[in-house]
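Only one structure is covered here, and it is reproduced in the block below.
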Amino acid sequence: MRGMGRRRSIFATLAAALGAWGAMCVLGVLGVLVALFTGPLPAQAQPQAAAPPAPARAASLAEDRVALVIGNAAYQLAPLDNPVHDARLIASRLTQAGFKVALRENLDRNGMVAALQEFGAQLTPNTVAVLYYAGHGLQLRDHNFLIPVDAQLRTEADVPLQAMDLSFFLDRMSQARSRVNIVILDACRDNPFAGRTSGSGRQGLAQMDAPVGTLLAFATAPGKQAPDNLGAKTNSIYTEQLAKQLLVPGLPVELMFRRVREAVVRETQRLQVPWEHSSLVGEFAFVPGINATAPAAPAGDDGLAAETAFWTGVQASTRADDFRAYLRQYPGGRFVAIAQQRIAALSAPVAAHPTPADLMPRVGDTWRYRVTDQYRFGDLFVTARVESVDADGIGESWTTTVDGKVRTTHVGLKPAFNPLPDWDAAPPEFAPYLQAAERPAAAIGPQRRTVGAVSLTLKPEWQGEEEVVVTAGRFRAQKLVLSGHSGARGGVSTRYVLWYAPAARRIVKYEVSAQAGRERQSTTFELTEYKLQ
């Protein structure tokens, strides 16, 4: 116990020297080691940044979570075994994750319309909305239809009249401008209506693009089928694996579905390969927190099969976002180099000598970063989105997998550290739009940072252009280093290394390292995805 007390003292001293982000990263690791012996750690003092305090309009809003869960099984033609059980299982998990859940079973068409109307009335711009459907589904002319239990489909003309076009659900979500929309379809079972309608002969569901802010998840790849009772289980294999992953703290939703896909491929011996299409513009985890475990590694050939299936679906795409989605799902995958080349070829070119106007952010520009700590106790993800651009600076919204809040802040173009209001899980960002300022190299002078009781003067140094490779792709970037040292408390040193890329209009990589005595700490931001308007 005496040794534990000394270790806490060392980490507490370092945390005070490095500021609140050090408290989060270092004491987060320490908490894992000593929580059982020492109980909760004392709160650390908040840092005093040299940058001006955040303006009063900065705010943080908690999200509202609503879900509609439908299980249709009691069909007159070809009843199903699993959907009601599947719906009940997912409804239970979503309730545990803090959602207000409407569970509906064996709905006729009128019931599905009423459920949609009730669900849609709850949606707002601050909503996280989940639609889960288990039951029969079919595709017709590239539209996907969910089948009510009273459907009597004899001709092609019956489909739009008696079934529910998935587009109606997506349109309702889009109209509400919900912050996050997640649609999960375990509806790729054997289609008993395929032989009865001339236009629905293709098996499975059709591939479709996700509207902005939406993730579409299919139990199997477009045009493929998933048997209802494979393995003779109470639940479908897809829903069973989804339920296992849904409550993992801090697990980004895209990585969660990757884990589900790899597990399903393994358990079905490659007969079923789940599929997703994402246009999310913010960060989301079903259970907030820092992801305490690394992403599940592919299980040999099964993980390779899942990755290959994903790549096959995007390799002919003419959209850079599809290849960024591959890199997000498989940052160490077999096709990373090709994906990076395709992103570079499809991304909008930047002028050879861009002016500040070329580098100004635009409303809707979005950047997603992975934040990692040297101790690898867990990753977190943050997404920044431009909400306004004016003469005073840039209005941003931020989301993170640490919690369910949307944070808004306002940053200027001049050199300064920009701590995010009400969030101290990582170091403050340095002038994120520095390249858009007039003559940025000449504008940067020594920067003062006061963290805890230690004041540091950081000297800037531009180190020229170099190539940097991150998950989002390969960039030509300007490298800036800010470093400083103080003799206080036995010596405190810190170093910020930032790579600004014109092609991304922002920082693409950001490393912070610090040392207090013999203790060291480092944190890295890496761009994993971005979308420019």
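Fair warning: this is a prediction, and the values are worked out from it, not measured in the lab.
- Residues Phe430 and Phe417 place their aromatic rings such that the two centres sit under 6.0 Å apart.
- Under the 3.5 Å distance criterion, with hydrogens and angles disregarded, no donor-acceptor pair is assigned to the side chains of Glu387 and Thr408.
- Remark: side-chain polar atoms of Arg65 are paired, donor with acceptor, to backbone N or O of Phe286 under 3.5 angstrom.
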Checklist entry - Tyr530 and Phe475: ring pair (Phe, Tyr, Trp, His ring centres under 6.0 Å), yes or no, with the steps? => result CA-CA 13 Å; Tyr530 69 103; Phe475 298 90; 5.8 Å; yes
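- Although no hydrogens or angles enter the test, the distance criterion places a donor-acceptor pair under 3.5 Å between the side chain of Trp367 and the main chain of Ala504.
- Salt-bridge annotation for Arg258 and Glu276: absent, with no side-chain N of the basic residue lying under 4.0 Å from a carboxylate O of the acidic one.
- One distance of note links OG of Ser278 with CG of Leu216; it measures 8.5 Å at 0.5 Å rounding.
- Using modelled atom types, one side-chain atom of Thr494 and one backbone atom of Ser513 make a donor-acceptor pair closer than 3.5 Å.
- Between Val382 and the options Thr400, Val402, Thr399, a side chain to side chain contact (heavy atoms under 4.5 Å, CB included) holds for only Thr400.
- In this structure, a donor-acceptor pair under 3.5 Å is present between the side chains of Glu396 and Tyr433.
- In this structure, Asp390 contributes its side chain and Gly393 its backbone to a donor-acceptor pair below 3.5 Å.
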Next on the checklist: Walk me through whether Lys405 and Glu63 qualify under salt bridge (Lys or Arg N to Asp or Glu O under 4.0 Å).
Outcome noted: CA-CA 6 Å; Lys405 294 181 179 179; Glu63 65 194 12; over 6 Å; no
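- Every residue two or more places apart in sequence or in another chain was checked for a salt bridge (charged side-chain N to carboxylate O under 4.0 Å, His left out) with Asp64, and none qualifies.
- Using a 4.0 Å cut-off between charged nitrogen and carboxylate oxygen, Arg476 and Glu465 count as a salt-bridge pair.
- Of the charged side-chain nitrogens involved, none lies within less than 4.0 Å of a carboxylate oxygen, so that Lys479 and Glu461 do not count as a salt-bridged pair.
- With Val183 as the partner, the side chain to side chain contact (heavy atoms under 4.5 Å, CB included) test is satisfied by one option alone out of Val130, Leu215, Leu166: Leu166.
- The backbone N or O of Ala129 lies less than 3.5 Å from no partner atom in the side chain of Thr127, so there is not a single donor-acceptor pair.
- With respect to Glu254 and Arg368, a salt bridge is recorded, a charged nitrogen being found less than 4.0 Å from a carboxylate O.
- In this structure, a donor-acceptor pair under 3.5 Å is present between the side chains of Tyr132 and Thr239.
- Between the side chains of Asn126 and Thr124, no donor N or O sits under 3.5 Å from an acceptor N or O.
- A side-chain donor from one of Arg448 and Thr457 sits under 3.5 Å from a side-chain acceptor of the other.
- A salt bridge is defined here as a Lys NZ or Arg NE, NH1 or NH2 lying under 4.0 Å from an Asp or Glu carboxylate O, and Arg505 with Asp365 meets this definition.
- Taking each heavy atom of Val101 and Val69 in turn, the nearest pair found is CG1-CG2, 3.9 Å.
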Checklist entry - Please walk me through it: do Glu466 and Trp499 pass side chain to side chain donor-acceptor pair (under 3.5 Å)? => result CA-CA 9 Å; Glu466 67 180 41; Trp499 288 264; 2.7 Å; yes
